[in-house]
Structure formats: C-alpha cells, structure tokens
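A short write-up of the structure that comes next.
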Amino acid sequence: MSNKYEAVIGLEIHVQLKTKTKMFSSAPYEYGAEANSLTDPVVLALPGTLPVLNYEAIELCAKLGLMLGCEIADICKWDRKNYFYPDSPKNYQLTQNEEPLCIGGSVEIEMPGPSRNIEGKHRFVSLNRIHLEEDPGKLSHTAFDSLIDFNRAGVPLAEIVTEPNLYSSDEAVAFLNSLKNLILYSGVSNCDMEKGQMRCDANISLRAKRTSELGTRSEIKNLNSISNVKAAIEYEIKRQTQILNSNHLVAQETRRWDANKMQSFSLRSKEEAHDYRYFPDPDLMPVVIDRARIKELKKALPESPLDRQRRYQKDLDLPYTITSVLCANVNLSNFFEKALAQYDSPKAIANYIVNDLLRELASNSKTGDSSLSIEATKMKAGFISELVEVVELGIISKQIAKEVFSEMFQSGKNPKLIIEEKGLSQSNDDTMIKALCLEAIANNPKAITQYKDGNLKAINALKGPIMKATKGKANPLVLDTMLQDLIESLD
Amino acid sequence: MSDLFYSDIAFLKRGLKQKDFSSVELMKSLINRTNLVESKVKAFIDRDDEDALRQAAESDNRRSKNMTLGPLDGIPVGIKDILAVKGQPLRCASKMLDSYISPYDAKCIEQLKNAGAIIWGRLNMDEFAMGSSTEHSAYGTTSNPWKLDCIPGGSSGGSAAAVASGEVIVSLGTDTGGSIRQPAAFCGVVGMKPTYGLVSRYGLVAFASSLDQIGPFARNVKDAAILLESIVGYDPKDSTSLKVPTENYLSILEESVKCQKKYTLGVPVEFFSKGLDIEIKEKVYKAIEWYQSQGYIIKEISLPHSDLCVPVYYIIATAEASSNLARFDGVRYTHRSKDIESIDDLFFRSRGEGFGEEVKRRIILGTYVLSSGYYDAYYLRAQKIRSLIRKDFDKAFQEVDAIITPTTPTPAFIEGEKSQDPLSMYLNDIYTISVNLAGLPALSLPVGLTQNKLPVGMQIIGKVFGESDILTIAHDFEINHDYKDLRPNL
C-alpha cells in the first residue's frame, strides 16, 4: 500500500449460537441433517404461524456479551428487516435493529510478535454492539434449478459489530482469532467456519494518514474463512489505493469476495442498496432482561483465554512458548486444567500436553494437522497426571515415559497398567546395579578423575552404559546415590 | 324439525340432550337450509358436508356414551376462510392460496374441537380480510340476506351472512378494523371483537398483527357468549396472548337477569356528527333512551382524536400487512407464475397474479409508509397518535363503564356502489377502527331495521377485558326487545 493512506476496517461477525432449538420455534437444529428435515410450520412461515422466543438464545447471547465486556440491555426488542429472498421463509428477518441485547464491549488482541516464541503487543478492539437475528435457509444451485434447504432457517445468530478501529489485515486476523477463541471459551458456539457457524463481513475505507475523518467504505460480504478475510482486506486496500491514487472517488458499495479468483466484485451500489423498512415486530413482545440472571451468568463466566494465559505465566511459571500453545485451544487448556487438578506439577504436565500430546494428535489426524480433538481420542487427563507422578516418584524414567505415553494414547489404558503389563518399572535391584556401577567406574577412569576434581556432571558419562544395560529401567535416583557412594569409597 | 337451523344454542343443547334430535339431524337441517338459500347468499367459498356429518355422528356417538366434551358438543360452527383448519383449504379468499391446505389447526379451532363443536365450511371474506364489503373476494361476492343486491359488509361478510340466513348456528370471524362488527350490523346479527390478547391468534392468517382478533357471530348475545367462552385463554404459541383468568360469560349473563347492574354508559359526541345516516342515529338514540329509562346513567363523553383513526389505521394496518403478506411469494405454497425468467420475475409475477387489487393497494401503501425517509412522518407518527387514541379511551373509562355508538355510519350499501372508491369504502369503518387501535372489546347488537328493511347495529365498547360488561349490557337490551327474532326473507 502506498504509505499516503491508512486503512480503517470494521467487521461484522455472525456466530451461530448452540441452542437446542431454533430462536423462534421448537424445531431442532444440527449441521448436515437431511435437507428440510428440521422444519415446522413456524420455520416454513406457513400462513397463521407465529414466532415464540426461545430464551436460551437470549441467555447464550448475554453470556457472550458478558464475555466480551458488553453492557447487557434492560430491555431488548425485535424488529423486522424486510427483503425478498427465497432463503428467507417470511421474506423478513427478525433482528434487533433499534435495541440490541449487548452494547459496547471489547476484545483484547495480541498482534504477532517478532517471532513465534516472543509475545506480541496487546490492544483492545472496541465493539459497537452484539444483537440477535435469525439465520436464513441455504440455497444451492444446480444447472437448471435452485434448491432451498430450510434446516438452517431460524437458527439464532449473534451478530458482533466492531467499531471501525482495525487498521490492517493482520489486525483483523488477530482480532478474529482472539474473538473466535473467546467464543469457544464461552461455549456459546462451535465457531466452525467451514460449517458456516461463523461468518464475517468486512467494511473497509482508506483515509490520508494522520487525518481522522473516515473515507468512503465498501462492504465485503460473507467471508467464510479467516484467510479469506485477510485476502479480501488486502485486495480491497490495494483496489481503493489505486482508485485514490488516480484521483478518483471510491464508490460506496457492497462487494462479493470470490475466493477462487481471489478478487471481489461489486454486488450493489449505494443507490441499489436495499431499503429494509425496519419496524418493530408486532408478534413479539419486548424482552425484559432478568438482572439477577445476568448476575448469575456473570459470576459463572469462564476465564478468558488471555487471562488464563497470564495466570499460567504468573502463577504457574510457565513460559510464553508453552502458554501460547496451551491457551490457543480451549480443549487443550481445559485438558491441562483437569490434569493439573489431579497432580500438581504444571510444568511437566504442560510439557507432555504441548509436546507429546500435540504430536500424537497431529500424527493420528487424517489431515495431518493437530486438529484432531482430544475428545475424539482415548486419552484422559488423569493419564498424564499419573504419568508425571510415576516419573517424579522415580518409578519410570523420562525415557520410558515416552513409550508409555504413546501406548496410552493408542490403547486408552492408564499408565500404571501399561507399566505393569510391560514390566517397565525401574529396577531397584541393588546387587545388579552395583555390579554394573563397578564395571562402569572401572571403564571410565577419566570421568572419575574429572568428577573428583569437582566436575560433578562428569558422572553422567557412567550412567549411559548402565541405562543401556538395564534397558532404561535403572532408577536414576538409586543410580546416582550408588555411583556417588562407590566413587567416594574408592579413596 | 325444519326450524332447527334458526334455533339458539340453549334450545339445541336441550334437544340434543333429550334426544329430541341428533347432531346428524341438526347438521342435515343446516345442509338442507344451505342447499336452499346458498345460491342467493353465497356465504361459503367451500364446504365439506360429508366431513361435517362425520363429525356430527362422532358427537352423537359420544352423547350415547354420556361422554360429551363441552358446551358446544354437536353444534356446527362456521369458519371464516382465514382460520387454519387441519386438512381443509385455507385460501383467505385469495387466488394466491388457491390450492393451499392447512397442515395444522388454529388454536381456536383446536379449542372448538376439544369442546366437541362441528367445524364446517370456509366462509367468504374480503381477500386477506382487506375490505368492508366481501366484494374483494377472489371467489365471488356474498349477498346480504336482507337485500340480495346489497353487500353483507366485510371483511367477515360470509360469517355474518351465513348466521343471518340460518346456514350456520354461529360462526367465527376476525376483526382488524371492524371486520366482525360492521358485517354483523349489516346482516342484523351479534358480532363481537374481544380484547386484544384474549383469543390466541395462532392459526389466524395475519393481516395486521397488532390489530387482528378472532371473535364470534351469533343471532343472540348468549350464543355469542358461549362461542367466545370456548375460544378465549392464554396460548404460549401467541406471544401477544395474555394470561387472564377466564370468565364464565353465560352464567354471568344468567345472573345479570336476576339483578341487572345499572351501568354508566358514555355517548361520544364525535360519533354522532356529520356523515351518520339519520335512521341509524335515531335507532341508536332510541336505544340509549331505553337504557336511560331502565336506570342506566348516560354521560356525554369526548374522544377527541376520533377523526384521526382512519388515517392512523390505514398507516399501521397497511405497514404490518406489507410485511405479513411478504411470505406469499411464489416460492413455497402459494400461486406460482409460469415461465418465469429470474427470481425477481418469480416474485413480481406470482404476487402480481395472485393478489387482488385491494390487497396490492394496501401492500403498496404499507411499503411506502415504512420506506426510509417516510417512516418517521408516517409510521412513527401514527404510532404516537395511536397512543393518544388509547389515552382518550382511558380517560373516558374513568367515568363510564361502556361506550355506546353506532356500528356503521350507513346501513348496507348496494354491491358495486363503493368498490371503485376506496376512500368512501374506508370510511365505513370510521366507528369501529378506534376500538382495534386501542385493543378494546366491542360488540355490535341489532337495534332494528331501517324503512328499507336493512338492519341497524349499535356498538357497545368495553374496557380492556370488559367482555362480561358489554355482553350484559347488550343482553339486557336484547331480552327486552324483539330484534333478535327478526329474520330476512329468503
């Protein structure tokens, strides 16, 4: 981008809330069900039907709002957004135009650091509001037909609207990652962008640097992956820069991102913009929010990922390289919490999770990344606690522990059982170890001299052959004491 | 047994109980009567006599086992074509829904079925309840049984005409701006619009959601009370339905005869000024004088915003309608235009062909008043005036128990007389509209005939949930006059 301009970006993110039934009917919803199997007269807007609010949608949206530091309104209302489209059964969408449930709020983001191992700068991106609205159905087009699946119609969406205070595609990406993680921590949505559970629109404008007035914006619709958001913003900044550089004006318009062509195309100009003819829905009553319930929700709010990360660094003394991996995945950090609750050795447990567990997850995932979820494996948090415990008690060595880890990941057996079945517990047979020690001392006069001269580490040279001879089962603590005693008794 | 079709519910209940006649015989009497007069009245869009006789036989079967369900067991009830009945057509008198069959029952239909009533017929109406004459039906105009070249009123013209002509015992209609009371007045029957929220709207095809209410038509106040009683009650499927204890209107009426409470009645000056037919004015004044003679206190009151009711109504009702009727789009269950070229073409042409003139006029008006730039000047302002109209009534009801007005400014008019002049048609509802805007209950009671033998209706408006008051006031007048026994010459 020419350095004359600064990009100003605002995002609108639609998130499907995980309610048991739809927002205004008792029809259930699940992704991937047979087309039009999850409908009822209300969802299909049959003549005479009326919407009835599912309060669970209010609860989940309020919880999300509290998670993002929003103010929760005392009363929220429903408006009709009128437009004709075949995926919209009523040809209006129930939404909250005038009085949204959540007001304000912010999301703490971490910009990429100078390297992966170094923490980046943090800042807060302010939100304008979060409101509830209905998801429409889904259209698919064949050569001669267009088909409509109304399963998705009426699923509650939380629309999160930021203030225009993101200034680069990288910030937008950092924001979306942070937001997604916060939502996953809150548990109100699965945020699977491939399944359409999280979608994003981006508003982008340019202005001369060091000015404060906003330029004319364009809106890019329906970006369905974070990498598309990044690409679309970068494309749009380039496009608008070229327009401004050639002394033309940017047109206010809605554009559609084509992920295959990596280009955006004009969908409609400002003049062609819909007049949605918003008005208060006369079928639904305003919702009076129960303050006591909001207090309860607030009390029971889960820890945010960045707060958790700070706590791990401060209280558990875990390094950034570990916490950044651990906290970036709610399942992983909850798994860690569970293991930690059973055996208090944060560093060792975190290491097993971040190194061994992630490696196993990656190598056992069909797609080769670490996206295989822990829930889908036989692994239990208690296994790791137990494993760390037996290592720290000296029952097995770290070396053997690696083998036990793989085994428990594959078989779902607990480590003690594996150790017993395979006879992996460390040998404490003094006579045999003593014989091996004496042999090692005799074979390494040089190391003995160094040790006696005060280089205590020189003793390690003796341990290797002993471990090898015992196939790693010699208890390192027993071994240490014995070697020291024997060397000292040489005098 | 030839007169069964003109009997009241109390007589029919007694007869059914004493086995003087069966429900099947009653149903056959109505079918015979309808076969005889329907070619003149044309109250039905559709009727399934076989199905009604089957329901009647079921009722007789229940009765023979002493297992009757409720007060309406075995009594046929006619249904306006805007209320959903499972397995029956639900056309709303529109080509748009010509082949649509409802897969579910409206709440009120469910209640009637639970009470044992026989659900019979699809009664004619103005398309989507938009009109005051039943001329705007895609299935032909219904005639006024009193004078066949006159319209029966509307939109529930079929429901009113069928009751007046003895085709049904009672019927259900809907009232958005007078659609029950005005045809009741024109056809010389009792018609009642309950308090907004008293009867569930689930299964009523919405015209204007904040104004629509379902209510009864009957040939006397008691029958109206019985039918109303069986359809009221809170319904979790309608968020605007209200939780109020249900009342036994019939026993309230029976009690009131023993000890008639002398209510204070308000007479609003604004409702008796210019535009009111002189004969109607006389009949209503005569009724007021009768009340006074009986010890009722009559007070002149003012409802100062009355002249704004019609414009406010046509903004709010059309705004809601423009959105409510958007679902009729050619995509799923409606009329679909052939050989369409694009999705917009599908919308435009299906709606263009499916909707009639008046419906299109109101959708366009409603779309306009909600448009960006006009919203504040029209819709928002109309809502503000609506609350002023409500306050007018609140103030009046501090002094009076009920309000007496004419139901309509004129008696039934000749078919075609006003259909080309929407504005003069809209003024027909000038006395009924404010009641919907304020969400109040009101009924129209026959108070005699004009010299041309056309019925005159008097409107009694009650406080919120004042149904028992206005029923009692109407009943007192009715049992002391013979108007309820007047029958059209068919």
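Every chain is numbered from 1 and lettered A, B, ... according to where its sequence line falls, protein lines coming before strand lines.
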Any salt bridge linking B:Arg351 with B:Glu353? Criterion: basic side-chain nitrogen under 4.0 Å from a carboxylate oxygen. no
Part of A:Asp283 lying under 4.5 Å from any heavy atom of chain B: both
Which of the residues B:Asp344, B:Asn324, B:Ile82, B:Leu325 is involved in the greatest number of heavy-atom pairs with chain A at under 4.5 angstrom? B:Asn324
Please determine whether a side-chain nitrogen of the Lys or Arg among B:Asp81 and B:Arg122 lies less than 4.0 Å from a carboxylate oxygen of the Asp or Glu. yes
I would like to know whether A:Lys63 and A:Glu59 meet salt bridge (Lys or Arg N to Asp or Glu O under 4.0 Å); could you show each step before the answer? CA-CA 6 Å; A:Lys63 189 175 175 190; A:Glu59 286 247 328; over 6 Å; no
Can B:Asp238 and B:Lys107 be counted as an ion pair, charged N to O under 4.0 angstrom? no
Taking every non-hydrogen pair under 4.5 Å, which of B:Ala206, B:Ser371, B:Ser210 racks up the most with chain A? B:Ser371
When heavy-atom pairs shorter than 4.5 Å are enumerated against chain B, which of A:Thr49, A:Val42, A:Leu44 gives the highest number? A:Thr49
Side chain, backbone, both or neither of A:Tyr278 within contact of chain B (heavy atoms, under 4.5 Å): backbone
Options B:Val331, B:Thr367, B:Leu83, ranked by heavy-atom pairs under 4.5 Å with chain A, top entry: B:Thr367
Between B:Lys237, B:Gln383, B:Arg332, which residue shows the highest count of heavy-atom pairs closer than 4.5 Å to chain A? B:Arg332
Is the shortest side-chain N to carboxylate O distance from A:Lys138 to A:Asp149 below 4.0 Å? no
Going by an N to O cut-off under 4.0 Å, is there a salt bridge joining A:Glu253 and A:Arg255? yes
Flag if over 12 foreign heavy atoms under 6.0 Å of NZ, B:Lys360: yes
Could you check whether A:Glu134 pairs with A:Lys90 (Lys NZ or Arg NE/NH1/NH2 to Asp/Glu carboxylate O, under 4.0 Å)? yes
Residues of residues 86-102 of chain B with a heavy atom under 4.5 Å from any heavy atom of chain A, in residue-number order, are B:Leu90, B:Leu97, B:Tyr100
Where does A:Phe84 contact chain B at under 4.5 Å (heavy atoms): side chain, backbone, both or neither? both
Taking side chain as C-beta onward, heavy atoms only, is B:Ile363 less than 4.5 Å from B:Val359? yes
